[in-house]
*Asks:* 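Structure provided below as structure tokens; questions to follow.
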Amino acid sequence: RSFGHFDFQFSLFLGQDAQLQGAEPSISRKRQQRGDKLLESARARLAKLEERHPDDPSLASDLGNVLLSMKLFGEEVPRFERAVRADPRSAIRHYNLAICYSKTQKPEFAIAEMEKAAWLEPRLLRAYQFIVEAYKNRKDLPRAVFWLNLLADADIVPAKERAGFMQQR
């Protein structure tokens, strides 16, 4: 089957309109500036705390989230790596690290971390979406289908959407 058909099935399976994915809501310039100011303030405060408590994985994770929100890709990677080392059973920390790796052109690391996130928290739909898209983009349909089957078996998508997807497969 074509990847276009596969992509359509995936969007139906998740109950999402594929055209809406990735669309960012528009925000006023004033709100954006206020948000940027708040992020910069949070960054400064967390950096000071991190200086006093360099081994605190929660601070590392929080500062990593702020840096990620500021789109300072690369600076947040060591923070999330530290957070993952401190709590390797945290799906959200693996997820965040995967996002960082994807933004710093390390796709293999990104996929590996996102797979860990999905294994640790099978209800993390965004992780499955990331993994399937990554394998689809690599033209690795068997792996993409493997992860879709795991999602179907996880029984976290409403039965109506799951049934429609399975019939089309």
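This structure is a prediction, so every number in the text was calculated from the model and none was measured.
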*Asks:* Please say which of Val132, Leu125, Ile131 ends up in a side-chain contact (heavy atoms from CB on, under 4.5 Å) with Leu151.
*Replies:* Leu125
*Asks:* When hydrophobic residues are tied together by side-chain contacts of less than 4.5 Å, even through go-betweens, does Val77 share a cluster with Leu67?
*Replies:* no
*Asks:* Run the salt bridge (charged side-chain N to carboxylate O under 4.0 Å, His left out) test against Glu113 and tell me which residues pass, sequence neighbours left out.
*Replies:* Lys116
*Asks:* Could you pull out every donor-acceptor pair under 3.5 Å between side chains of residues 29-47 and any protein atom, sequence neighbours left out?
*Replies:*
residue : atom : partner : partner atom : Å
Gln32   : NE2  : Asp36   : OD1          : 2.9
Arg43   : NH2  : Glu75   : OE1          : 3.1

*Asks:* Excluding sequence neighbours, so at least two apart, what forms side-chain hydrogen bond (donor to acceptor under 3.5 Å, both in side chains) with Glu50?
*Replies:* Arg79, Arg82
*Asks:* Tell me if a side-chain donor or acceptor on His94 pairs with a main-chain N or O of Val84 at a distance below 3.5 Å.
*Replies:* no
*Asks:* Could you go step by step and tell me if Tyr135 and Leu141 meet the side-chain contact (heavy atoms from CB on, under 4.5 Å) rule?
*Replies:* CA-CA 7 Å; Tyr135 284 130; Leu141 188 57; over 6 Å; no
*Asks:* Hey, could you give me the CG/CG distance between Leu49 and Asp56, rounded to the nearest 0.5 Å?
*Replies:* 8.5 Å
*Asks:* Does Asn96 have any side-chain hydrogen bond (donor to acceptor under 3.5 Å, both in side chains) partners at least two apart in sequence or in another chain, and if so, which?
*Replies:* Asn65
*Asks:* If you round to the nearest 0.5 Å, how far is CZ of Arg126 from CD1 of Ile92?
*Replies:* 11.5 Å
*Asks:* Counting C-beta onward and ignoring hydrogens, is there a side-chain heavy-atom pair between Met114 and Ile111 closer than 4.5 Å?
*Replies:* no
*Asks:* How long is the span from the CD atom in Glu121 to the CZ atom in Arg89, to the nearest 0.5 Å?
*Replies:* 10.5 Å
*Asks:* Just jot down the side-chain contact (heavy atoms from CB on, under 4.5 Å) partners of Ala83, sequence neighbours excluded, or say none.
*Replies:* Ser61, Arg93
*Asks:* Any ring pair (Phe, Tyr, Trp, His ring centres under 6.0 Å) involving residues 30-60? Give me the pairs, sequence neighbours left out, ordered by first then second residue.
*Replies:* none
*Asks:* Determine, using the 4.5 Å side-chain heavy-atom cutoff (strictly less than), whether Leu72 and Leu68 are members of one ILVMFWY cluster.
*Replies:* no
*Asks:* Suppose the criterion is ring pair (Phe, Tyr, Trp, His ring centres under 6.0 Å): which pairs have a residue in residues 99-125, not counting sequence neighbours?
*Replies:* Tyr101-Phe109, Trp119-Trp147
*Asks:* Tell me, which pairs form a salt bridge (charged side-chain N to carboxylate O under 4.0 Å, His left out) where one or both residues lie in residues 97-110, sequence neighbours left out?
*Replies:* Glu108-Arg138
*Asks:* Taking atom CZ of Phe80 and atom CG of Leu63, what is their separation to the nearest 0.5 Å?
*Replies:* 8.5 Å
*Asks:* Suppose clustering is done on Ile, Leu, Val, Met, Phe, Trp and Tyr with side-chain heavy atoms closer than 4.5 Å. Which residues sit in the same group as Leu120?
*Replies:* none
*Asks:* Listed by chain and number, what are the salt bridge (charged side-chain N to carboxylate O under 4.0 Å, His left out) partners of Glu51, not counting sequence neighbours?
*Replies:* none
*Asks:* Considering non-hydrogen atoms only, spot the tightest contact between Pro57 and Ala86 and give its length.
*Replies:* CB-CB, 3.3 Å
*Asks:* Can you sort out the partners of Tyr95 under ring-ring contact (aromatic ring centres under 6.0 Å, His included), two or more places apart, ordered by chain and number?
*Replies:* none
